[in-house]
S.K.: 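The structure is given below, and queries will be raised subsequently.
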Amino acid sequence: MKDKKLITMSEIGLDSRVNLEHLFCIIQDYITRTFGEIHMSNGEMRQKYHAIWVFTKNKATVYERPHWNQEVLINCRIVKVTPLLVYVKTDVMDKHKKILFTGVTECCVIDYETFKFFKTSDLKIPYKEEEVDTTYDFKDSEVSFAKNVEVSMPLVDSSNHLNNARAVLPVAMSLSKEETLNIYSKPFELAIKYIKQAMLGEEICLFLGKDFDRINFAYRNKNDQVLELGYIKSI
C-alpha cells in the first residue's frame with residue numbers, strides 16, 4: 001500500500017525526531033494495513049484459518065529520522081513469499097522520495113492455539129518479487145544482565161504477548177542520553193529476531209552489551225531461554 005502521513009508528537013523524542021520504538025511502530029502499523037488490504041488481517045485470519053500473523057525478524061535501516069509534523073510517503077508491500085515465510089518491505093520517504101528509513105520484516109502464520117506453522121504458500125498471497133537484504137548480525141554472547149522487565153499491559157498486543165514494536169522500548173529506556181544521541185548521530189541498523197513469545201504478566205530479563213558503535217540486546221526468561229535477540233549498530 002502507498003500512503004502519506006504526518007509525523008505526530010507522540011512519535012518523536014527529545015530532538016523532535018522519530019524515536020527508536022516508533023520506527024518499528026510505523027513499520028508495524030503499515031504492515032497491518034497492508035495485510036488488511038488483501039483481506040488477511042489477524043481478525044480475518046482467525047476466522048478463516050484459526051491462525052494469526054507473527055513477526056519472526058524485523059530490521060530497520062535508518063538513514064535519517066523524520067521530524068515532527070513532517071509529511072512522509074509510505075510504500076509498504078509484500079516482496080517475497082516462501083512455503084512458510086512472507087517478507088514485507090516498508091519504505092518511508094520524504095516528499096522528494098528520498099528514503100529516510102526502510103524496513104524488511106519476515107513474517108509467518110501460526111495456529112493461535114497449537115502454534116503450528118501454516119503454509120503461507122497455500123494462501124495465494126499477492127506479491128511483487130523484489131530483492132531484499134535478509135542478512136542479520138545477531139550476537140547473544142556479548143551481553144550481560146541489565147534488568148528485569150515485567151511484560152505489563154502497555155507492552156502487549158491483542159494476542160496477549162510482548163508487542164513486536166514495543167519490545168524496543170525497555171531497551172531504549174535503558175540507554176543514557178549520551179548513548180542515545182550517539183546512535184542518532186549517524187545512519188544505523190535496528191534489528192530484532194523474535195524466537196519465543198513473552199506473555200502478559202511474565203517477568204523476563206533484559207541483557208545488554210554496549211560498544212561505541214553497537215548495542216546488542218537479548219530477552220531471556222527465568223530458565224535462561226532466549227526469547228528475542230537484537231542489536232543497534234552504526235552503518
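Because only heavy atoms are used, hydrogens play no part in the values below, and waters and symmetry mates are left out as well, while side chains stay in.
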S.K.: Using modelled atom types only, decide if a donor and an acceptor are shared between the side chain of Ser16 and the backbone of His67 within a distance under 3.5 Å.
M.R.: no

S.K.: According to ring pair (Phe, Tyr, Trp, His ring centres under 6.0 Å), who are the partners of Tyr231, at least two apart in sequence or on a separate chain?
M.R.: Phe138

S.K.: Just to verify, what does Leu84 make a side chain to side chain contact (heavy atoms under 4.5 Å, CB included) with, not counting sequence neighbours?
M.R.: Phe117, Lys119

S.K.: Is the closest side-chain heavy-atom distance between Asn69 and Ile7 below 4.5 Å?
M.R.: no

S.K.: Is there a path of hydrophobic side-chain contacts, each under 4.5 Å between heavy atoms, that joins Met153 and Ile204?
M.R.: yes

S.K.: Hey, is the main chain of Pro83 close enough, under 3.5 Å, to the side chain of Thr120 for a donor-acceptor pair?
M.R.: yes

S.K.: Evaluate the side-chain proximity of Leu23 to Phe101: yes if any heavy-atom separation is below 4.5 Å, no if none is.
M.R.: yes

S.K.: Within this structure, what is the CG-CG distance for the pair Asp15 and Leu181, rounded to the nearest 0.5 Å?
M.R.: 7.0 Å

S.K.: Name the one of Asn58, Ile232, Asn163, Ile192 that satisfies side chain to side chain contact (heavy atoms under 4.5 Å, CB included) with Val168?
M.R.: Ile192

S.K.: Are the side chain of Glu11 and the backbone N or O of Thr8 linked by a donor-acceptor pair below 3.5 Å?
M.R.: yes

S.K.: Would Lys186 and Glu64 pass as an ion pair if we require N to O under 4.0 Å?
M.R.: no

S.K.: Compare all side-chain heavy atoms of Met45 with those of Leu123 and state whether any distance is below 4.5 angstrom.
M.R.: yes

S.K.: Under the salt bridge (charged side-chain N to carboxylate O under 4.0 Å, His left out) rule, collect the residues that match up with Asp3, sequence neighbours excluded.
M.R.: Arg33

S.K.: Other members of the hydrophobic cluster containing Phe212, with the 4.5 Å side-chain heavy-atom rule, please.
M.R.: none

S.K.: Taking a hydrophobic cluster as the set of Ile, Leu, Val, Met, Phe, Trp and Tyr residues connected by side-chain heavy atoms closer than 4.5 Å, whether directly or through intermediates, do Phe55 and Val109 fall within one such cluster?
M.R.: yes

S.K.: Using the salt bridge (charged side-chain N to carboxylate O under 4.0 Å, His left out) criterion, which residues pair with Lys57? Sequence neighbours excluded.
M.R.: none

S.K.: Quick one: sort the Phe35 and Trp53 rings into parallel, tilted or perpendicular, breaks at 30° and 60°.
M.R.: parallel

S.K.: Is the shortest side-chain heavy-atom distance between Ile78 and Lys80 below 4.5 Å?
M.R.: no

S.K.: Using modelled atom types only, decide if a donor and an acceptor are shared between the side chain of Thr61 and the backbone of Glu189 within a distance under 3.5 Å.
M.R.: no

S.K.: Name all residues meeting the salt bridge (charged side-chain N to carboxylate O under 4.0 Å, His left out) criterion together with Lys147; count only those two or more places apart in sequence or in a different chain, and write none if there are none.
M.R.: none

S.K.: For Gln225, does its backbone N or O pair with a side-chain atom of Asn223 as donor and acceptor, under 3.5 Å?
M.R.: no

S.K.: Are Arg214 and Asn216 close enough that a side-chain donor and a side-chain acceptor fall under 3.5 Å?
M.R.: yes

S.K.: Does Glu37 reach the main-chain N or O of Thr34 with its side chain, forming a donor-acceptor pair under 3.5 Å?
M.R.: no

S.K.: The criterion is ring pair (Phe, Tyr, Trp, His ring centres under 6.0 Å); which residues satisfy it with Tyr49, sequence neighbours excluded?
M.R.: Phe118

S.K.: Is there side-chain contact between Met40 and Ile125, with heavy atoms separated by less than 4.5 Å?
M.R.: yes

S.K.: Under the salt bridge (Lys or Arg N to Asp or Glu O under 4.0 Å) rule, what pairs show up with a residue in residues 215-235, not counting sequence neighbours?
M.R.: Asp137-Lys233, Asp140-Arg220, Glu203-Lys222, Arg220-Asp224

S.K.: Under the 3.5 angstrom rule, does the side chain of Asp211 hit a backbone N or O of Asp213 as a donor-acceptor pair?
M.R.: no

S.K.: Is it the case that more than 12 heavy atoms not belonging to Leu14 sit under 6.0 Å from its CG atom?
M.R.: no

S.K.: Tell me, please, which residues at least two apart from Tyr184 pass ring pair (Phe, Tyr, Trp, His ring centres under 6.0 Å).
M.R.: none

S.K.: Going by the rule ring pair (Phe, Tyr, Trp, His ring centres under 6.0 Å), which residues pair with His50 if we only count those two or more places apart in sequence or in a different chain?
M.R.: Tyr112

S.K.: Restricting to salt bridge (charged side-chain N to carboxylate O under 4.0 Å, His left out), what partner residues turn up for Arg46, sequence neighbours left out?
M.R.: none

S.K.: Could you name each residue pair satisfying salt bridge (Lys or Arg N to Asp or Glu O under 4.0 Å) that touches residues 81-93, not counting sequence neighbours?
M.R.: Arg77-Asp91

S.K.: What do you reckon, is CD of Glu131 surrounded by more than 12 foreign heavy atoms closer than 6.0 Å?
M.R.: no

S.K.: Got a sec: does the CE of Met173 have more than 12 other heavy atoms crowding it under 6.0 Å?
M.R.: no

S.K.: Taking side chain as C-beta onward, heavy atoms only, is Leu155 less than 4.5 Å from Val149?
M.R.: yes

